[in-house]
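Written below as structure tokens is the structure these notes are about.
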Amino acid sequence: MSFSDSQTLTASKLAISLVTGNNLANSVLWSHDDTKIFTSNGPHILVFDTESGAIIHRFTRHNDDVIALIVNPSNSQQLLSTSIDGITHVWDINDFSYLLSIDFTRKIHAFTSNKDSTYILFGNGDVMKFPTKIFSNHGQEKLRKYLDSKPPTFTSRNSQILLLYTNQGRDYLITYDQKNLVIFTTHLQELHCYEKSHPITCITVSVNTPTLAYGSVSGRIYIWHNFISGDENITRLHWHSHSVLSLAFNCDGTYLMSGGEESVLVVWQVDTLKRQFRPRIGGEIRGIVPSNTDQYISVVTSDNVMKVFNSSNLELAFISKNLKYTPWPFGMTPCQNLDSLVLHSSPPGWIQVYHPVYQTRQFDIDVTTLNVVSRPQQVQLNYMLVTHVAISNDGLWMITCESRYDKREAFRELRLRFWYYNTTDKSYEQIMCVDRPHRAVCMISFSPVVSDPICASCGEEGDFRIWTLAEGKIADFSSRLWQCYATNSLFNSKASHCVFSPDAALLAVAYKNCISIWNTETVEHKHNLEAEQLRDDIRSLVFSYSGKDSYVLASTMDSIIVWDVFTCVVKWTCTIGNAFICTSLHTQFAVAISNDDILVFDPEVEKPIIELNTGVKSKVIDACFLGQGSTLAVYFLTEKQQIFCLHDVNELDFKTKNNNLPLKPDGLFSDLLIGPTYTPYVVEDTRLFKKADLSIFTTPCHVLPATKSYAWNVISAFLQQRDSIEDIGPKTEEIQVDSMDTDQVDRYVEHKMSGDSEEDGIIDFSWLDSFFRSSEFVLKT
Amino acid sequence: MDSNFRPLILHRTPNPFKISDSESEFWSSFKKPFFVKEFLPITCLHYSPIAPHQLAVTNTNVIQIYDSKDCSLLKSITSIKDTPFGANFREDGKLLIAGDSAGVVHIFELERKSALRKLTGHTQPVQRALFSSDGLSVISCSDDKTVRIWDLASGDQKICLEGHSDYVRSGLVTSTDHNLCVTGSYDHTVRLWDARDTDCCVKLEHGAPVESLLMFPSGSLLLSAGGKTVKVWDIRSNSVIKEFSNHHKTVTQLYLSSDGRRLFTGSLDGLIKVYDVTTYNVIHAISYPAPILCVAFSPAQTQLAVGMSSGLLSVKTKEEPPLPAPRPRPPYRGAYRYFMRGKSIKPTIETVTVSNKAKKNRPKYDIYLKKFKYTQALDAAFDAHGPLRPTIVMSMFKELSRRDGLSIALANRNEDQLLPIIQFIGRNIINPKYCAYLVEICDLLTELYPEMLFKSAMIKTEMDKIKNKISSEVRFHKQVFQTLGVLENILGNSN
């Protein structure tokens, strides 16, 4: 770990890239033949294959959230994608190639288009009309002309949605603003505004019939038949108890699909008003889009998952494998054996295992196995949430903590569950469950030593518990059950963090304004680490893995503090607020990530090696190292549930990486971070004997046969008398000569004595060997 | 993510772990007791060291040899006219030695009935006679206070060791040196002798008439039993390193299992106790109906023989794992079993399973929960029967609380509908598992029914019952705490 080493690590070699972005819900588009689905995912556009449900491509050219996806009305083989910053790209649907882009140079809220005209709702509320032919070559120049000269068609201040209905060459633009439904007829240049009793939440229009449907906060759905006539011929439907969040007509307008907070997809037959239900969709329904041939229905839920149903029987065809969102983000945990991140996800009580390099969700685990129940009216339900997850370094063990806060004290719930990785099922299976181990769990962490799994948990009441595997005893679960090995506390105040040292010999537990160091084995309090900067706000606490000296790193509201564990002295401090520090077995460097800055530093050296700007607009809520060797990278999660990655600029390039491409094996971030001289931290197995002990070591010595008889047996096992050899084996000359020479013994003894005196008490036993060789005993072969 | 309805999770509290002790597990497999009822006390038991480990049983009349496998009587040695004592085998299992009440030591060859040697010289009964560890000489302990060593080949007396001042009733030879022997006497001493010298080498004071002696294979630790106590001696330093007394009557026999892991003591109080040889803690105890005179544990560790003063001989044999059951005959065509073939076959990964879309039989409360009918769901939970009822009801309370439906489920009930809830609370409120929850439910009920709880006669009596139960429980807790305080006080003072 020389300094020259860290000089190879420069800011220019590191890059921050977005692993996964914002909501899908903004727009879903079916290709004209229903074989592909295009969805926006923040600035990315994902393409799903309808048959397999796999992500077959990502468009990553946009720099801001994509708000609209449309098949080019003049060419069905082209895709128009518009992002919020005013840029529209044109892509080829078949080979996914980029064709051209048009820059509207203004913020766009909505975008709609038909064969002749394109209507755009800009950020300032202006709706403008453009000819669709601008989405061809030289479109940019034509566009500039329009932008400069044309006045806005009409202005709608607060709307976000713009729908277009075309009938006999006449265009009707529909939008809404709170309680007002706004319809603009282009051939008459008339603006009609209809005020409703409840705020409108969603709106849809049938493609082929002049039927308009809108949902309201009250849960009612209104179908307005033949709206172009202006007569308010309205059918009112009521099933939803909460606000309707999405509506869609099928192709011929005979069915209306609705969904809302209840997570139930309702299919209404428009003529008879008969209903079909598809309950337990998994989250609030935000976007329903039927396919062009009416074979499928895609439903996007608020947890950022798209589900595709067969429209005939409402059975699930596939679920998209992108990152799920949750209204309750608590953090993420690296799972080293699956190269994945474990995140909390919606529905409440679930966790997801997400592969950041392939950008797919590997599997979900239902931790609580509870029904997700929609709230009663005007009440907010407290769900059972997974608040903490800890995974051992080999990925075999996982501990989850779930809790629920109830206004009735007795009904509060808190559980620790222990999981074991089942290699045949490739998933975790639950081993046991502990009810209320603490008043509230603040932290669970595993020891980095894989051979002997230990885990610690600490709680609000100030106690920490050390959990170990229970040995044998209980049938069936032999050595797979956990038990509380010890519990202790220093204060009655909240123990906010606990972490094991790299060799698991020490446990650091953070209290209000000190960090206590404990011996793991004996659970003795060793000493306290204190500092001026330390207040009741420790954000993260880690041990460093750098070389011989052990450091404890803690970050607070305004600084990072580094202690030397052996001297208990503050080594250095650095002012950076609210940083998450992460360390890894595979590198000596530590990375601190705050909302604005990233510091890469070596705990031994006071000055950070690299300072970077995160360029992330939202708050960082967790960070961790994942991978090893060439895939080692730092992932960090923001409040908006975007996952970013700090990696080598040359290698882990997510923007170009296709989903199914295997990882490149060599040369990466790790080379820079680790350096040539650094060897990964090796954790030694300190146990003297493995479990397969010889029984001789466990038998009490006085029960064993007398040592004398032992010795004789052992020696006689190795030796046999010379005569017997002579009897059996062929006589060789050498043996004959030696066996006759009885004086030799004395000579060797003399030699030994003289050797003793010469070398000052160092006894040379080499004579013994030759003694045995030459005397009347020979070694058995 | 599957979209099936998840049934109500029943929160069953685990039963306290039965810490299964490996020792009790070991002994629980010793079944098939075999009893022989003799008329006279059984004084000595000894297993042949050589397989098939025949058992020599000495009772007051006769020496009998039993087969250890099926406990059948192989032969009886009746040639001793007087009362025989202490029959035991030589290391090679070919010779048997016994003393008698006339002071003669008999040596038998097992094949023949008549004695091979008769060693005469003792003037009083010989209760203990044994072969030396090299098998070439014989040591006899007699009530005439002497110990004599005989040459087996010639039958001559080699040496007479005098020193004990009372009956010598126990003796052993050390496995490490065939010249050394240890004897214990009713004069409260244990003496170590060297056959090459008439003087006693070591004399240990046990403090009670010595009934039995035992030496660990290492040859350095000696155990002596006399009275109620057992003492462990280090004969190199002649000191007691451990003393224990776990019987309330005289300990009659010490025995060490062949692997040296278990130490047995048998006592007149009718108990066999098994000890851990490292700590000398009792790890198991077996009780018998009469005072125990002798114990033997077969060298294969599969049989425990106990002789009692009532003449009862008990032999317990370890059960072998049963042989696999023979394959059942294939069913006849047309039989019911014929059509049910393959019912229990589990599908493997490759198997294509055709799922049976039968509707699941859900309990009623789950059906109501699925339909969000909380009141009916709670009623259905109360309608459940059997030992799971409290668990179902409590789980339902928790689930309703999770759905914020507790007050919905409890509200708008009339007297009859409220009664089962109040009765349930009354029955379970002092159960520590449910107490906290039920107190909350009580609070909620008093909020919801401020009048009905105390006006309706039926409910008022139930409420009074709850009140009484709680106040008696509180009283009980107070007493327990008082007792605890007193105990703490006593313990504090004793320190």
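Naming: A, B, ... by sequence-line order, numbering from 1 per chain.
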Proximal component of R408(A), with respect to chain B [non-hydrogen, under 4.5 Å]: both
Between V379(A), T369(A), V372(A), the one whose heavy-atom pairs under 4.5 Å with chain B are most numerous: T369(A)
Using non-hydrogen atoms only, which part of S345(A) is less than 4.5 Å away from chain B: side chain, backbone, both, or neither? neither
Nearest heavy atoms of R6(B) and L370(A), plus distance in Å: CD-O, 3.4 Å
Looking only at N382(A), D435(A), V373(A), D406(A), most heavy-atom pairs under 4.5 Å shared with chain B are made by V373(A)
Kindly indicate, with the supporting measurements, whether the criterion salt bridge (charged side-chain N to carboxylate O under 4.0 Å, His left out) is fulfilled by D404(B) and K407(A). CA-CA 10 Å; D404(B) 204 44; K407(A) 55 189 175 207; 3.3 Å; yes
Interatomic distance, L369(B) atom CG to N371(A) atom CG [nearest 0.5 angstrom]: 8.0 Å
Proximity breakdown for L406(B) and chain A, heavy-atom pairs closer than 4.5 Å: side chain
For E261(A), I'd like to know if atom CD has over 12 heavy atoms of other residues, nucleotides or ligands within 6.0 Å. yes
Need one label for Y434(B): side chain, backbone, both or neither, based on atoms under 4.5 Å from any heavy atom in chain A. neither
Under 4.5 Å from any heavy atom of chain B - which part of R361(A): neither
Measure distances from F397(B) to the heavy atoms of chain A and classify the residue's part below 4.5 Å as side chain, backbone, both or neither. both
For the student: nearest non-hydrogen atoms of E409(A) and E440(B), plus distance: N-OE2, 3.4 Å
Assess whether salt bridge (charged side-chain N to carboxylate O under 4.0 Å, His left out) is satisfied between E413(A) and K398(B), documenting all intermediate values. CA-CA 9 Å; E413(A) 287 174 276; K398(B) 284 182 200 172; over 6 Å; no
Which atom pair, heavy atoms only, marks the closest approach of A410(A) to A436(B)? CB-O, 3.4 Å
What do you reckon, is CG of N313(A) surrounded by more than 12 foreign heavy atoms closer than 6.0 Å? yes
When every non-hydrogen atom of S401(B) is compared with those of F411(A), the smallest separation belongs to OG-CB, 3.3 Å
